[in-house]
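Hydrogens, waters and symmetry mates play no part in the numbers below; they use all other heavy atoms, side chains included. A, B, ... follow the sequence lines: proteins, then strands. Residue 1 opens every chain. All values reported here derive from a predicted model rather than from experimental measurement.
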2 protein chains.
Amino acid sequence: MERSSRRPRVAGGDPVVPPVAAPESRGERKERTRRAILDATLELCEDSSLVALSLRQVTKGVGIVPTAFYRHFDSIEDLGLALVEESFASLREMLRDVRRSDPTYQNIIDSSVKVLGEHVHSQHDHFAFIARERVAGPPAVRAAIRHQIELVERELAADLARLTDPEYWSTEDLQVLSNMIVTSMVGTTEAILSARPEAEQAIAEQARTQLRMVLVGALHWRSTGLG
Amino acid sequence: MERSSRRPRVAGGDPVVPPVAAPESRGERKERTRRAILDATLELCEDSSLVALSLRQVTKGVGIVPTAFYRHFDSIEDLGLALVEESFASLREMLRDVRRSDPTYQNIIDSSVKVLGEHVHSQHDHFAFIARERVAGPPAVRAAIRHQIELVERELAADLARLTDPEYWSTEDLQVLSNMIVTSMVGTTEAILSARPEAEQAIAEQARTQLRMVLVGALHWRSTGLG
DNA sequence: AGTTTGAGTGAACAGGTGTTCACTCAAATC
DNA sequence: GATTTGAGTGAACACCTGTTCACTCAAACT
């Protein structure tokens, strides 16, 4: 047991840098442990779910004793809510990138799908967390994710309002269209996350085609219905 | 302990009918216990996931001893695969109902959404199981569900092939369209399952509008793209 | 009638679970 | 320099976990 220092290990492996060399303030150290808990949890529940994850698994992954967990979170569910916030911070960063979309791409669809693909990889754990816990997490976590997605849908509907003719597009229709686009993008995300890498090109192509189909529908839409 | 008979209790509560009055064959009894395990599992993992469900919880729910479980399934994962088969039997029954759609409804969309709503309620546990375990179940269960959904998508694409002009609709486009419709219906199912009952009317209306939008897109689609 | 089969039992195992408690000891405050 | 604060420790608790084993005893087969 003489190996275990008082300082948390922070991740699965042992620190490469001499642990003594870091003069940390109290707050810095607490924040570092907190981060380590969040990161370890994202990794550990990757192929199961928060509801199947035990407090002791998390603390073992971090390299702290079970009791230390309570200095940071009340429960796994509480931890989950923190991860929802963090994950949606990633997602909103992506939306920011989508909005000021790369001018080298000629249209919105290509650049959106490109940005989605990039972020799903660079923020893989966050996107996987949302996709899973959205339907399988603890009730409070599910509710929090649903709420966040609803906010995103409303934002997208507001964006779309600026691009469409209010004569033909009612607020309700825009909300419905926005929901469909978000649902489709959630589906694309799930597909990327659970596919072999070589299939990703095809998934992206499918996502583009779907958005094009929806766009064709939108261009011919009349609020009055199919007429 | 004198209350506990040798016969399994079959569900949460105690049997109302005198348990002695049933002369069962060996096979009948085994099948009854198997059903009880399947039913108890569907109930128990309703608000968590298979991965968070223990073998002992299941057997306690059924009213049998943990060891008896192994007479029916190798593991919880094995049980999960049986539930996938059973749940997709429900889903395919729904698809059958959709195909010979109610002639009192004038179009496919209205009747399809109606049938979906009905089946999501009458087979609530099966649909909830698929929706959850699709993303959060044990790997083998996830794979099985993905495979089944892929089959459904291909069937739908074949149906659509009969309704569209092959001049404008390539096989690939039909597959993509089918994927979008299925994704949208999965989204609608999730929405119904996690919404308060009074919101269901609005969800159905949204589902109809989305299908109408897609249909408008389909009617104006050219395989060559947006032109 | 006698034998085999197999669904269900109950005890035991080694180990994992959340939570409590009194504790250390270094940073932060006085 | 003395005191307070609080992140982390380690033992202990009562309970739950999957799996094993030898067993019962009624239905099914010979």
Side-chain angles (χ1 to χ4, degrees), chain A residues 1-11 15 19-38 40-41 44-45 48-80 138, chain B residues 1-11 15 19-38 40-41 44-45 48-80 138:
Chain A
M1 280 289 145
E2 51 272 20
R3 270 212 78 289
S4 98
S5 127
R6 271 289 145 71
R7 313 188 99 88
R9 279 199 294 109
V10 166
V20 182
E24 288 175 307
S25 85
R26 207 117 117 161
E28 284 170 342
R29 190 142 101 84
K30 177 161 189 182
E31 181 52 32
R32 196 161 63 90
T33 305
R34 191 187 136 96
R35 266 254 54 80
I37 293 175
L38 294 168
T41 304
L44 285 168
C45 74
S48 53
S49 161
L50 257 195
V51 293
L53 191 59
S54 76
L55 186 151
R56 286 177 113 105
Q57 280 175 57
V58 172
T59 57
K60 190 187 282 187
V62 175
I64 55 174
V65 104
T67 33
F69 178 90
Y70 295 107
R71 300 284 180 196
H72 303 273
F73 303 100
D74 286 348
S75 61
I76 294 285
E77 178 168 312
D78 187 30
L79 207 193
Chain B
M1 282 288 150
E2 51 271 19
R3 269 212 79 288
S4 99
S5 129
R6 272 287 145 73
R7 312 188 100 89
R9 280 199 291 111
V10 166
V20 181
E24 287 175 307
S25 86
R26 206 117 115 160
E28 285 170 339
R29 191 140 102 83
K30 177 162 190 182
E31 181 51 31
R32 196 160 64 91
T33 305
R34 193 187 134 95
R35 267 253 55 79
I37 292 175
L38 293 168
T41 304
L44 285 169
C45 72
S48 51
S49 161
L50 257 196
V51 292
L53 192 60
S54 76
L55 186 151
R56 287 177 112 106
Q57 280 174 56
V58 172
T59 56
K60 190 187 281 187
V62 176
I64 56 174
V65 104
T67 32
F69 178 90
Y70 295 106
R71 300 284 180 197
H72 303 274
F73 303 99
D74 286 346
S75 61
I76 294 283
E77 178 167 311
D78 187 30
L79 206 195

For the pair made of [atom1] in [X] and [atom2] in [N], what is the distance, rounded to whole Å?
X       : N      : atom1 : atom2 : result
A/Phe69 : C/dT19 : CZ    : P     : 9 Å
A/Lys60 : D/dG10 : NZ    : C1'   : 15 Å
A/Glu28 : C/dA26 : CD    : P     : 18 Å
A/Arg32 : C/dA26 : CZ    : P     : 16 Å
A/Arg35 : D/dA7  : CZ    : P     : 18 Å
A/Glu31 : D/dG6  : CD    : P     : 17 Å
A/Leu44 : C/dG16 : CG    : C1'   : 15 Å
A/Ile76 : C/dT19 : CD1   : C1'   : 13 Å

Describe the nucleic acid contact of B/Ser25 in one word from base, sugar-phosphate, nothing, applying a heavy-atom distance below 4.0 Å.
-> sugar-phosphate
Side-chain-base donor-acceptor pair under 3.5 Å for B/Arg71 and C/dG8 | yes
Return yes if the base of D/dG10 and the side-chain atoms of A/Thr67 contain a donor-acceptor N/O pair under 3.5 Å, otherwise no.
->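 When only heavy-atom distances are counted, A/Thr67 does reach the base of D/dG10 through a donor-acceptor pair under 3.5 Å.
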Any [X] side-chain heavy atom under 4.5 Å of [Y] side chain:
X       : Y       : answer
A/Ile37 : A/Ile64 : yes
B/Lys30 : B/His72 : yes
A/Ile76 : A/Val51 : no
A/Phe69 : A/Arg56 : no
B/Gln57 : B/Lys60 : no

Identify, between B/Pro66 and A/Gly27, the residue whose nearest nucleotide on DNA chain C lies closer to the 5' end.
-> B/Pro66
For C/dG8, take OP1 and OP2 only and decide whether either is under 4.0 Å from a side-chain N or O of B/Thr33.
->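 Result: yes.
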Can you check whether B/Glu28's main-chain N or O pairs, donor with acceptor, with B/Ser25's side chain at less than 3.5 Å?
-> yes
Among [options], which is the nearest nucleotide to the side chain of [X]?
X       : options               : result
B/Tyr70 : D/dG8, D/dT19, C/dT9  : D/dT19
A/Arg26 : D/dA7, D/dG6, D/dA27  : D/dG6
B/Ala68 : C/dT9, C/dA28, D/dT9  : C/dT9
A/His72 : D/dG10, D/dT19, D/dA7 : D/dA7

Which parts of residues 48-58 of chain A get close to DNA chain C, meaning a heavy atom less than 4.0 angstrom away?
->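 Within residues 48-58 of chain A, the residues near DNA chain C are A/Ser54, A/Leu55, A/Arg56, A/Gln57.
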Steps toward side chain to side chain contact (heavy atoms under 4.5 Å, CB included) verdict (B/Thr41, B/Leu50) = CA-CA 8 Å; B/Thr41 304; B/Leu50 257 196; 3.9 Å; yes
